[in-house]
Structures are given as C-alpha cells and as structure tokens.
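Note sheet for the following structure.
We count ligands from 1, going down the list as the structure has it; atoms in each ligand are counted the same way.
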Amino acid sequence: MPVAEKILILDYGSQFTQLIARRVRELGVYGEIYAHDCSKERIAEFAPAGIILSGGPQSVLAADAPAMNEAIFELGVPILGLCYGMQLLTQYGGGQVVAEGGCEYGNASVRITQSPQSPCPLFADIETDTLQVWMSHGDHVQQLAAGYEVVARSNDDADGVIAAIADVKRRYYGLQFHPEVAHTEHGSHLLENFVRRICTLRATWTMPNFIKQAVTDITEKVGDAHVLLALSGGVDSAVTAALLHRAIGQQLVCVLVDNGLLRRGEVESVRSVFEQQFGIKLIVIDAAERFYQELAGIVDSEEKRRRIGHLFIKVFEEQATNLGEQIQWLGQGTIYPDVVESGKVGNSKATIKTHHNVGGLPEHLNLHLIEPLRDLFKDEVRRLGEELGLAHTLMWRHPFPGPGLAVRVLGEVTAARVATVRQADDIFLTEMQASGAYEQTAQAFAVLLPVQSVGVMGDERTYEDVIALRAVTSSDFMTADWARLNNDLLARVSSRIINEVAGVNRVVYDISSKPPATIEWE
Ligand code: XMP
C-alpha cells in the first residue's frame with residue numbers, strides 16, 4: 001500500500017503481533033507486519049518512519065534465537081522494542097539479558113522512574129506514576145546497553161525488573177510489557193506517543209484515503225480488462241465487490257453460486273444490494289440440486305465440507321469458462337489476517353500455515369489475481385464497506401460458514417432437512433434481531449439434530465425432529481461462551497419453531513462454551 005507515513009512491525013513470533021498493527025492503525029497510521037528476517041531491500045523499499053519489534057516466544061539467550069535485523073539501524077528512524085524486542089535491543093547494544101529471577105506473567109504493576117529534568121517522550125501526558133500492565137516474560141534486562149536509561153521498573157522497589165528503557169537521543173525505546181494488549185493501562189497512549197510524538201506521524205490512514213488510493217491502484221492494474229468475483233453475501237466478498245465496482249464499474253462481473261445451503265432470503269438480498277442498489281453485473285447460478293446430489297448419503301462433516309468445496313470450484317470454473325476471454329482477472333476477498341496467518345508477510349523464510357484464501361482459487365483458469373483488501377483488518381473492511389455505501393447491518397452481520405447450512409444439518413443433508421433448519425434459523429434470527437440480542441452476540445443459529453424425540457400434540461403422540469439453538473459471545477471466535485439469552489426470548493423462539501416448522505416438536509438450547517465445544521456442531 002503506497003502510503004507515505006507508516007510503521008514497520010517486525011514479527012518475532014508473538015501472539016500479539018497482529019494486535020500491534022491494529023493498535024497502530026487505530027491511531028490513524030498505517031502499520032504493516034514483516035517477518036523479522038526479511039531482507040534489507042524490502043525494509044528499504046517499505047521506507048518506514050518508525051519500527052516496532054514485537055515480542056516472541058523464544059529467549060534471546062538461546063543459540064537459535066531469532067536475531068536482530070541489522071538493516072533497521074540504517075534507516076535512522078525511531079525504534080520501539082516490545083518484550084523480546086526490548087531484550088534484543090539491549091543484547092544487540094552490548095547490554096545483558098538474564099534468565100534468572102524476574103519472570104512475570106499476567107497483570108503487573110510498573111512504576112515510571114523517569115527524571116523530571118529529562119522526561120521520557122514515551123510517557124508524555126500520562127498523568128500517573130504507576131501503571132497496571134500485561135507482562136509475559138521469562139528473561140529480563142540486567143544491564144543496560146550504552147546510551148539507554150531506565151524509565152520504568154516493576155513493583156515499587158528500586159531493584160524491580162527493568163520495565164522500560166529509553167535512548168532519547170537516538171530515539172530507541174523498549175518496553176518489557178505489552179502496550180498492545182487491552183489489559184495494559186494507557187497502552188494505546190504509549191503507542192500513540194511513539195507513533196505521533198516520537199516518529200512525528202500524522203493520522204493519514206483513513207478509509208476515504210484508502211479508497212482513493214485503492215481505486216487508482218485497481219484502475220492502473222486492470223486497465224480495460226474484466227474481473228470475475230465470487231460473491232457469497234459475506235462481508236469480505238461484499239466489500240471487495242463494492243470497491244472493485246467503484247474502480248472499474250461494469251468491468252466487474254459477480255457470480256453468486258446458490259448451493260441450496262444458504263440462509264432464508266439470502267439470494268434475494270444479494271440481488272437487491274448488488275444488482276439493484278449498486279448496479280453491479282450479477283450472475284446467480286442455481287446449483288442447489290447439484291449440491292444436494294453431491295451430498296446424498298454423506299453424514300461425515302469433513303466429507304461434506306470437502307464435497308461442497310470441490311463442487312463450488314467446479315461450478316465457478318464452468319461459469320468462468322462460459323464467460324471465456326472476456327475475463328482476465330479473478331477478484332478475491334483475502335484480508336490481512338489471512339495473509340499474516342499464511343506466513344506471507346514480508347519475505348519470511350518460514351510459512352506458518354497455508355490458508356485457502358491466499359494464493360488463488362482455480363490456478364489453471366489462467367486468471368491474474370486481484371485482492372484489494374489484502375492490507376486490511378476485519379474491522380477496517382467493515383468500515384470501508386460502510387464508507388462505500390454498504391448497509392451497517394450487512395457489514396456487522398454474524399459470520400456464516402462457507403459450507404452453509406450443510407454443517408448445521410447433522411446427519412444426511414437433504415432438501416427437506418435443509419428447509420427445516422432454514423425456517424427455524426430464520427425464526428431464531430428474526431426474534432434475536434427484534435429483541436436487540438443479535439448485536440450483543442457474535443453468532444447465533446439453529447441446528448437440526450439427527451435424532452427424533454417423543455412429543456404430544458393435541459391428543460396425538462408425535463415422534464419428530466429436534467432443533468438446537470446456539471448463540472455465543474466471542475471476540476475472536478477462537479474461544480466463545482454461550483450467550484445468556486433472555487428466557488422470554490427463548491420461550492418465544494421455541495414456541496414459534498414448534499408451531500410453525502413442520503416436523504419439529506422439541507427445541508433445546510446449547511449451553512457449552514468453546515473450548516471444549518466448538519461454535520458449530522460439526
Ligand atoms: P468453530 O465451529 O470451529 O467455528 O468453533 C469458528 C468460526 O468458524 C466458522 N466456521 C467455518 N467457516 N468454513 C467457514 O467458512 C467452515 O468450514 C467453517 N467451520 C466453522 C464458524 O461459523 C465460526 O464463526
């Protein structure tokens with residue numbers, strides 16, 4: 001992304017590295033993550049106005065510890081080392097890092113010890129002497145490298161572990177704790193002091209600026225060629241469509257594969273937003289029957305996923321082939337966390353894990369790949385979408401899995417069973433939205449169980465399906481808690497499902513957290 005004022009974050013493997021980039025961007029400054037061992041040329045090309053060294057799981061004392069990337073000192077820009085990063089600055093500068101006595105994990109208290117005569121700009125305008133911070137380290141700095149002074153220590157005594165160091169003249173700083181973590185008091189303020197005061201960067205990273213730049217980039221790249229994009233109704237593909245359309249208008253062709261596994265009203269709503277509101281060229285392929293045939297007799301969830309994935313690619317490729325030479329580019333809604341998680345940051349030697357979204361879908365179609373959201377975090381994608389005119393409700397929808405309702409129909413997937421779960425799901429979501437509970441949960445849906453149970457309706461004994469309701473709160477979907485939904489809401493949903501959905505006589509509510517349960521049932 002060609003922005004002038006930016007921060008480079010060198011990743012030493014911390015679980016918080018992405019958070020550092022997010023915090024920097026929340027301050028209105030573009031920050032990008034590169035692998036710690038990326039080349040001198042890449043760093044020079046990126047031309048950062050400041051550098052942050054992340055924490056990391058290893059010890060700087062280990063023989064195979066990731067080393068300092070010396071190229072950063074050639075730029076003459078401010079450097080902030082966090083945890084491992086601070087220890088690396090110390091070790092590289094000739095100071096001493098030791099392993100004994102001083103491990104701190106979790107919440108800790110640090111005291112700012114800067115002298116009033118030479119206040120440290122990192123702590124400017126922080127009107128307290130003690131901070132509650134998030135620590136996670138085994139080693140610590142014992143002896144400073146030349147040029148540095150101690151500006152904060154853990155605990156109240158003069159021998160507390162060194163918690164912050166500064167070389168104000170060269171503009172090198174280190175924090176033993178993690179300012180990027182929400183548990184650290186004034187953490188954002190510390191980062192703001194580094195980015196704004198020390199690196200003197202302005203807040204130029206805004207969505208309107210991003211759009212201007214992206215439109216120029218896309219137009220230059222694509223010229224008068226045509227781009228094909230698979231729309232799913234999800235946030236990332238929707239925003240990709242809106243952005244590409246802003247740049248190249250009718251040269252964009254969107255394809256929605258209706259696999260028969262979508263939620264109620266999904267196809268109509270995609271049509272109404274993209275065709276009617278935006279005037280985007282949209283091809284809807286009704287492939288429901290093909291998907292049901294592909295899933296006939298399959299009960300294993302991974303096999304369902306595999307078959308759905310393969311058939312999707314096949315249907316999509318057929319469409320691309322039909323469009324023939326008209327199309328030269330394939331659009332994809334890859335976002336920054338996908339890129340980071342696939343290890344494709346900077347030019348790292350190590351690949352952490354591969355990601356299905358990165359690297360291109362059907363390679364043999366011979367299309368160039370365009371991924372205009374590659375640099376954006378999810379919350380930025382949502383803000384971008386709203387800036388492009390996509391509705392707030394669409395941008396803040398709960399996520400929906402690629403294999404759709406198939407993984408919410410436990411046991412065999414048939415058109416009839418999908419219809420049952422779709423209707424129950426629609427009732428649940430409608431009531432959640434009406435009560436305001438939808439916005440307070442991260443995900444909510446209905447699941448059709450592969451068992452039947454006894455009931456009584458009128459004077460008749462019934463033996464019918466069971467619907468499970470699942471609603472969770474979660475900030476990252478890695479962990480989740482079951483949502484404490486209002487009892488009256490649950491009662492209303494249960495009664496509506498049993499009365500309105502044919503063949504269902506029982507509704508249960510899932511009260512499992514993740515872990516050990518997952519959010520989806522399969
Ligand atoms: P779990 O069930 O693993 O889900 O706790 C975490 C998040 O991932 C979504 N999910 C999927 N998304 N394809 C997707 O695109 C899948 O196969 C898939 N499985 C789970 C799930 O809905 C939740 O948001």
Inset, instruction - Keeping to residues at least two apart or across chains, list the salt bridge (charged side-chain N to carboxylate O under 4.0 Å, His left out) pairs with something in residues 495-509. - result: Glu431-Arg496, Arg496-Glu500
Inset, instruction - In sequence, state the C-alpha distance, the side-chain angles, and the governing distance for Ile283 and Gln319, and then conclude on side-chain contact (heavy atoms from CB on, under 4.5 Å). - result: CA-CA 9 Å; Ile283 301 170; Gln319 187 57 49; 3.6 Å; yes
Legend entry - Where Ala444 and His398 come nearest, the two heavy atoms and their spacing: N-ND1, 3.2 Å
Legend entry - Atom indices of ligand 1, in the order listed, that fall short of 4.0 Å to a heavy atom of Lys514: 1 (P), 3 (O), 5 (O), 6 (C)
Legend entry - Ring centers of Phe46, Tyr34 separated by less than 6.0 Å: yes
Legend entry - Numbered atoms of ligand 1 (with element) below 4.0 Å of Thr518, judged on heavy atoms: 1 (P), 2 (O), 5 (O)
Legend entry - Test ring pair (Phe, Tyr, Trp, His ring centres under 6.0 Å) applied to Phe400 - qualifying residues, sequence neighbours left out: none
Inset, instruction - Report yes if Gly402 has an N/O atom closer than 3.5 Å to an N/O atom of ligand 1; otherwise report no. - result: yes
Inset, instruction - May I ask you to check whether Pro403 has an N/O atom sitting below 3.5 Å from an N/O atom of ligand 1? - result: no
Legend entry - Winner among Trp521, Phe445, Phe477 once heavy atoms are compared against atom 7 (C) of ligand 1: Phe477
Legend entry - Closest candidate by heavy atom, reference atom 18 (C) of ligand 1, pool Glu520, Met478, Arg470, Arg305: Arg305
